[in-house]
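Working notes, structure below.
It should be emphasised that the depicted structure is a prediction, and the values quoted were computed from it without experimental measurement. All values below were derived from every heavy atom in this structure, side-chain atoms included, with hydrogens, water molecules and symmetry-related copies excluded.
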Amino acid sequence: MTELDGPRGGRGKWSNPGVPKKGWTCINVEDLGAPSQRCEMCEAVDVRYVQYMSNPRYEGILACGVVCAGHMEENLVSAQAREKTLRSTSGKRTRFPARRGWAVNKNGNPQIKVSGFRVTMFKQGKYWKGVVHDRMRNKSWFTRDRFEDLNPAKMAAFDTLTFVQSRMKKPSFPTIDDEDCI
């Protein structure tokens, strides 16, 4: 970490008194495949592994890098763990769109069941989105972005699935392993 990282650098929104510096929660993560988005908090670092941060005192969601996300939620270890998970699942993520088990549901949408979750892809106009549904808790999480092509949307759904699984931290919710993605 350099002295320009996080709040000590005072760059971007860190220097804006109207933006909260603490009390943020990570609501989703995404692997962009390459550093292709600027951190919306420090506005200085290009990030590949985006952590989407929410705060009840701030309207909107910020897409941030690991250092800013860690400072925003006051837990750099958790932010680093999320990024480490994204890094370690990169190959599985790439194979996920072609994984065996994808089928078309009764509404004509691609769908797959993975470790107690149902991942469904759907179109909104000309764009694809995804939803990860926890069947045991009857709770759903949507991919943040929409995509013109189905495969990138499936990879975003994989990121959401991995994020949700990491938050469960219970033996009854195993993470995706290599066998699942062959």
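Remark: K21 engages W14, V19, M41 in a side-chain contact (heavy atoms from CB on, under 4.5 Å) (not counting sequence neighbours). For R144, there are no side-chain hydrogen bond (donor to acceptor under 3.5 Å, both in side chains) partners at least two apart in sequence or on another chain.
S78 places no side-chain N or O within donor-acceptor distance of the main-chain N or O of N75, the cut-off being under 3.5 Å. Using a distance-only test at 3.5 Å, with no hydrogens or angles considered, no donor-acceptor pair links the side chain of N107 to the main chain of N109. Listed for the T143 side chain is a donor-acceptor partner under 3.5 Å among the backbone atoms of G130. Using a distance-only test at 3.5 Å, with no hydrogens or angles considered, a donor-acceptor pair links the side chain of T94 to the main chain of S90.
Linking ILVMFWY side-chain heavy atoms closer than 4.5 Å, directly or via other members, places L32 and F147 in two distinct hydrophobic clusters. Hydrophobic clustering (side-chain heavy atoms under 4.5 Å, transitive across Ile, Leu, Val, Met, Phe, Trp, Tyr) keeps M155 apart from W141. Residues F158 and Y127 do not share a hydrophobic cluster, clusters being chains of Ile/Leu/Val/Met/Phe/Trp/Tyr side chains in contact below 4.5 Å. Hydrophobic cluster membership differs between F142 and L150, with clusters built from Ile, Leu, Val, Met, Phe, Trp and Tyr side chains linked at under 4.5 angstrom.
How far CH2 of W128 is from CZ of F122: 10.0 Å, rounded to the nearest 0.5 Å. For the atom pair CG of N28 and OG of S54, the computed distance is 11.5 Å after rounding to the nearest 0.5 Å. Y49 OH to T85 OG1: the interatomic distance, rounded to the nearest 0.5 Å, is 11.0 Å. Separation of atoms CZ (R93) and CZ (R99) is listed at 15.5 Å; rounding is to 0.5 Å.
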Legend entry - Intermediate values then yes/no, side chain to side chain contact (heavy atoms under 4.5 Å, CB included), L86 and D159: CA-CA 7 Å; L86 284 176; D159 293 340; 3.9 Å; yes
Legend entry - Derivation of the side chain to side chain contact (heavy atoms under 4.5 Å, CB included) call for E83 and Q51: CA-CA 8 Å; E83 182 168 301; Q51 301 192 33; 4.1 Å; yes
Inset, instruction - For the pair Y58 and W24, evaluate ring pair (Phe, Tyr, Trp, His ring centres under 6.0 Å) and give the outcome as yes or no after the intermediate values. - result: CA-CA 9 Å; Y58 184 81; W24 293 83; 5.4 Å; yes
Legend entry - Working for side chain to side chain contact (heavy atoms under 4.5 Å, CB included), residues V45 and V67: CA-CA 10 Å; V45 177; V67 174; over 6 Å; no
Inset, instruction - Mind running side chain to side chain contact (heavy atoms under 4.5 Å, CB included) on C26 and F163 for me, showing each step along the way? - result: CA-CA 10 Å; C26 183; F163 175 73; 3.8 Å; yes
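Applying the side chain to side chain donor-acceptor pair (under 3.5 Å) test to pairs two or more places apart or on separate chains, those with a residue in residues 34-45 are K13-E43, R38-D46. Counting only residues at least two apart or on different chains, no salt bridge (charged side-chain N to carboxylate O under 4.0 Å, His left out) pair has a member in residues 113-132. Residue pairs satisfying the salt bridge (charged side-chain N to carboxylate O under 4.0 Å, His left out) criterion with at least one member in residues 145-156, sequence neighbours excluded, are absent. Within the structure, salt bridge (charged side-chain N to carboxylate O under 4.0 Å, His left out) pairs that include any residue of residues 47-62 comprise D31-R48 (at least two apart or interchain).
Remark: aromatic rings of F96 and W102 are close, center separation under 6.0 Å.
Between V119 and the options T160, I112, V131, a side-chain contact (heavy atoms from CB on, under 4.5 Å) holds for only I112.
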